[in-house]
Number of protein chains: 2
Amino acid sequence: MARSGAVLRGQLLDVALRLFGQRGFRGTSLQDIAKEVGCSKASLLYHFASKEAIFNELLTPSMTAFDALNETLQNAPTPVVARQAVEGFVDVVIRYRQQIAMVLQQASEAAEASIEGNCTTSEQRAELLVTALSGRSTDPYVRLRSRMAIGAITVAAASPETDMSTEAARQELVDGALRLLCLA
Amino acid sequence: MARSGAVLRGQLLDVALRLFGQRGFRGTSLQDIAKEVGCSKASLLYHFASKEAIFNELLTPSMTAFDALNETLQNAPTPVVARQAVEGFVDVVIRYRQQIAMVLQQASEAAEASIEGNCTTSEQRAELLVTALSGRSTDPYVRLRSRMAIGAITVAAASPETDMSTEAARQELVDGALRLLCLA
DNA sequence: ACCATAACTGTCCGATCGGACAGGATTGAC
DNA sequence: GTCAATCCTGTCCGATCGGACAGTTATGGT
């Protein structure tokens, strides 16, 4: 059953993204993915060097976006950095909500994931974001609130669909996080 | 190497709790746990019927507490149920923060976990809590905020230690969640 | 000491897993 | 049709895993 390489690769990535999000990385086997796509496991491994390679390819776009956000925030004026962090983070999370669900399923694997040639870990990324959300404050109370904001946004965004438009949900996420951070 | 059964069982549970929280359920093998405790895998299986049994025994106290909370909230007067939900949930999460970390590591396994003789799943538990946090409102905006509050509390509570007392952290979690829910 | 029970162990089993590999099938250009 | 490149497959491999099992050791009571 030949289909163009690009088509099959796309299908494999789509299914992997969903199954990794539902069952976790280790809870999903290559055979699971291949079976659902309708090809052999060996065919899957023809297109991707390893299971890890699939995971990294799924994660790369969101990590890239996240890193770009962190870089933007590092140049943001301190009086507005926290608010910019909230809006930026909400946008990244909404755009990559499936990847977020996947990451939430296996923080330990994601913690070790790094983009080729870039050794920033998830923990380091999160810390950069906490700093921005905290308006660069080192006060532990402020930083705890920032962790709460991250949890609020990521968990809510990864939750089952609701009867709301994406734009309305986005606004609610932003407003809620701002209230939490005493920025409303 | 004989030690009393209770002592060994306690050690096995402690180590399992930590490793499940760090590596996930599937990412932790029975041999990993046994090795760290200093006994054989077969000895571990003498004390616990299965890997699943360990997981359930670790989860049972927190699930029991969670269910008790939900039951209390069902009888709470509507005008104060949301505030009570916040405080009650924060207390449960702080008390069982390691279990929370463990659950965050494998939501799919936890989703299927049930206490013997009680078929409430994690999803059902969460929905009950969302209802209470929402003050029994069905408005999707209100319920989204409630999901945010759950995420905020659980993720922040499962985060690395900070330079704050437990009581101070508790207060911050409660206050932050109340602001998020427009209850401050 | 004897005995029953609890605790512990090494070994084995079947299943699953990620990945290697040789060979066959398909495709498009000439 | 031929050919090279791409794609796909079944099979096999070694490793790991959870768990079964028979046998040994340790413990406490009599």
Side-chain angles (χ1 to χ4, degrees), chain A residues 1-59 102 105-106 108-110 112-114 116, chain B residues 1-60 102 105-106 108-114 116:
Chain A
M1 163 165 332
R3 67 199 88 168
S4 90
V7 167
L8 180 57
R9 277 194 291 278
Q11 292 174 336
L12 290 168
L13 287 171
D14 285 347
V15 169
L17 177 57
R18 179 163 53 76
L19 292 185
F20 285 160
Q22 291 173 354
R23 310 178 186 171
F25 180 70
R26 291 196 127 232
T28 304
S29 71
L30 293 175
Q31 183 58 42
D32 292 334
I33 300 169
K35 186 176 176 184
E36 186 155 330
V37 168
C39 71
S40 70
K41 183 183 64 157
S43 182
L44 178 157
L45 285 169
Y46 169 81
H47 288 279
F48 297 96
S50 65
K51 191 178 180 183
E52 197 73 30
I54 300 178
F55 188 79
N56 284 338
E57 185 148 347
L58 289 171
L59 214 46
M102 185 174 81
Q105 271 290 343
Q106 53 277 305
S108 60
E109 277 92 354
E112 293 156 19
S114 62
E116 193 171 302
Chain B
M1 167 173 317
R3 68 199 88 167
S4 90
V7 168
L8 180 57
R9 278 195 291 278
Q11 291 173 338
L12 289 168
L13 288 171
D14 285 346
V15 168
L17 177 57
R18 179 164 53 76
L19 293 184
F20 284 161
Q22 291 172 354
R23 309 177 187 171
F25 181 70
R26 293 196 125 230
T28 304
S29 70
L30 294 175
Q31 183 59 43
D32 292 334
I33 299 168
K35 185 175 177 184
E36 186 154 332
V37 168
C39 72
S40 71
K41 185 183 64 162
S43 182
L44 179 157
L45 285 170
Y46 168 81
H47 288 279
F48 296 96
S50 66
K51 191 179 182 184
E52 198 72 33
I54 300 178
F55 187 79
N56 284 337
E57 184 147 346
L58 289 170
L59 214 47
T60 296
M102 185 174 83
Q105 270 289 343
Q106 53 275 308
S108 61
E109 276 93 355
E112 294 157 18
S114 61
E116 192 172 300

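Everything numeric here is computed off the predicted structure, so don't read it as measured data. A, B, ... follow the sequence lines: proteins, then strands. Residue 1 opens every chain.
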**Q** Rounded to whole angstrom units, what separation is found between the CG atom of Leu30(B) and the P atom of dT9(C)?
**A**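 Atom CG in Leu30(B) sits about 15 Å away from atom P in dT9(C).
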**Q** Can you say whether a donor on the side chain of Lys51(A) sits under 3.5 Å from an acceptor on the base of dG19(C), or the other way round?
**A**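 Such a pair does not exist between side chain and base.
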**Q** Given dG10(C), dG19(D), dG10(D), identify the nucleotide with an atom nearest to the side chain of Ala42(B).
**A**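 Taking heavy atoms from C-beta onward, the closest nucleotide is dG10(C).
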**Q** Side chain of Lys41(A) only, please: which of dG18(D), dG18(C), dC8(D) is the nearest?
**A**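 Of the options given, the side chain of Lys41(A) lies nearest dG18(C).
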**Q** What distance do Arg18(B) atom CZ and Thr28(B) atom OG1 have between them, rounded to the nearest 0.5 Å?
**A**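 OG1 of Thr28(B) is found 10.0 Å from CZ of Arg18(B).
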**Q** For the pair made of CG in Leu12(B) and P in dG18(D), what is the distance, rounded to whole Å?
**A**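 Whole-Å distance recorded here is 14 Å.
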**Q** Report yes if at least one side-chain N or O of Ser29(B) is closer than 4.0 Å to OP1 or OP2 of dT16(D); otherwise report no.
**A**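 Checking Ser29(B) against dT16(D): no side-chain N or O falls below 4.0 Å of OP1 or OP2.
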**Q** Please give, in whole Å, the distance from dG19(C) C1' to Phe55(A) CZ?
**A**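 Interatomic distance, CZ of Phe55(A) to C1' of dG19(C): 19 Å.
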**Q** Examine dA7(C): is either OP1 or OP2 under 4.0 Å from a nitrogen or oxygen in the side chain of Tyr46(B)? Give yes or no.
**A**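 Answer is yes, contact under 4.0 Å.
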**Q** Out of dC8(D), dT9(C), dG19(C), which nucleotide sits closest to the side chain of Leu45(A)?
**A**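 From the listed options, dG19(C) comes nearest.
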**Q** Nearest-Å distance, CZ (Arg23(B)) to C1' (dT16(D))?
**A**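 Taking atom C1' of dT16(D) as the reference, CZ of Arg23(B) is at 14 Å.
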**Q** So, does Asp32(B) use its side chain to make a donor-acceptor pair with the main chain of Ser29(B) at under 3.5 Å?
**A**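 Yes; at least one donor-acceptor contact below 3.5 Å.
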**Q** When the distance from NZ of Lys35(A) to P of dC8(D) is rounded to whole Å, what number comes out?
**A**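 After rounding, the reported distance stands at 19 Å.
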**Q** Is the shortest side-chain N/O distance from His47(B) to OP1 or OP2 of dC8(C) below 4.0 Å?
**A**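 The answer is yes; a side-chain N or O of His47(B) sits under 4.0 Å from OP1 or OP2.
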